[in-house]
Number of protein chains: 2
Amino acid sequence: MGTKQFSGLPEDADLTRADSLAREIFSDVANKWALLIIECLGERTLRFSGLRDGVEGISHKMLTQNLRMLERNGLVERTVHPTVPPRVEYTLTEPGRALRVTIDGLCGWTRRYLGDIEASRSRFDA
Amino acid sequence: MGTKQFSGLPEDADLTRADSLAREIFSDVANKWALLIIECLGERTLRFSGLRDGVEGISHKMLTQNLRMLERNGLVERTVHPTVPPRVEYTLTEPGRALRVTIDGLCGWTRRYLGDIEASRSRFDA
DNA sequence: CAGCATCCTACGCGATACTG
DNA sequence: CAGTATCGCGTAGGATGCTG
């Protein structure tokens with residue numbers, strides 16, 4: 001981000017602060033588990049356990065940790081039903097759904113170039 | 001990816017292998033440094049040192065490491081000019097440029113929701 | 001200049017156990 | 001069931017030094 005990928009603004013007000021914030025958000029979001037969680041949520045509402053099953057290979061800890069982070073950034077909404085046993089549901093917010101569109105693009109890209117990448121790999125490994 | 005986000009194929013041939021490969025690629029690509037390197041490269045051709053300056057905060061080691069990985073997956077092309085001192089240039093390949101479009105979307109998303117996220121954060125931290 | 005190898009630390013992350 | 005806390009290992013990743 002050295003070249004200010006995020007700003008693109010005319011005014012230089014306190015652009016530095018905005019840029020460092022952007023970089024921070026980017027780091028939060030550009031990680032495997034966060035992306036997979038969002039992708040798994042999609043349009044549905046899922047419980048903690050549902051997400052755990054849905055996101056293959058994720059540990060209890062990673063799931064809670066990332067869910068907190070996503071909630072903090074306002075990408076998922078967390079609703080607690082005060083029943084016993086407790087029932088907690090997660091849904092994407094509007095920003096979350098917007099991000100999901102991008103992630104879909106990433107998944108599509110992966111599908112599209114799967115073969116090329118596999119080929120490139122075997123070439124490289126030789 | 002428990003729900004096979006990547007496959008979406010009719011035939012179930014050896015879909016499992018394809019899916020695990022996809023997951024592997026996804027892990028490679030869905031990481032902060034890789035994305036920032038690709039974004040920094042853009043349409044340009046950059047040398048190692050250029051990338052080092054361009055991608056703010058990246059260490060020598062992380063840069064080489066990620067560049068190797070991206071080269072292996074065929075997302076960047078590496079050309080060595082046998083001069084002294086050596087001159088090595090990096091460019092995005094076609095798959096790399098395609099991925100870049102997606103990353104641009106991610107950057108755009110960040111810009112777009114910067115304010116909302118900042119607000120959500122202060123709300124959450126209270 | 002580019003990049004590999006080595007060392008060493010910090011922390012990511014899994015496993016486990018405990019509350020409401 | 002959902003969540004927090006603690007411990008412990010493995011690895012990510014920074015710093016440094018050596019080659020061509």
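Quick note on labels: first sequence line is chain A, next is B, and so on, each numbered from 1.
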Distance-minimising heavy-atom pair for A:I37 and A:L63: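 Taking every non-hydrogen atom into account, CD1-CD1, 3.7 Å.
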Quick one: which of C:dG14, C:dC1, C:dA2 gets closest to the side chain of B:P85?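 Of all the options, the side chain of B:P85 is nearest to C:dC1.
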Where the side chain of B:K61 is concerned, which of C:dA2, C:dG3, C:dT6 is the nearest nucleotide?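 Selected nucleotide: C:dT6.
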Integer-rounded Å distance: C:dG20 C1' and A:F48 CZ: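 For the pair A:F48 CZ and C:dG20 C1', the rounded distance is 15 Å.
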Please state how far atom CG in B:L67 lies from atom P in C:dC4, giving the value in whole angstrom units.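 It works out to 10 Å between those atoms.
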Going 5' to 3' along DNA chain D, which are the first and last nucleotides with any atom under 4.0 Å from a heavy atom of chain B?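 Contact boundaries, 5' end first: D:dG13 to D:dG20.
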With side chains defined as the heavy atoms from C-beta onward, is the minimum distance between B:L106 and A:L106 less than 4.5 Å?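 No, side chains not in contact.
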Which residue lies more 5' along DNA chain C, comparing A:P86 with A:S59 via nearest heavy atoms: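 That would be A:S59.
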How long is the gap from CG on B:D28 to CD1 on B:I25, to the nearest 0.5 Å?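 Those atoms lie 7.5 Å apart.
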What is the distance from atom OG1 of A:T64 to atom NE2 of A:H60, rounded to the nearest 0.5 Å?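 Separation between the atoms: 5.0 Å.
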Set out, in order, the CA-CA distance, both residues' side-chain angles and the distance that settles side chain to side chain donor-acceptor pair (under 3.5 Å) for A:E71 and A:Y90, then state yes or no. CA-CA 9 Å; A:E71 188 192 357; A:Y90 295 92; over 6 Å; no
Same cluster (ILVMFWY, side-chain, under 4.5 Å), B:V80 and B:L70: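 Result: yes, single cluster for both.
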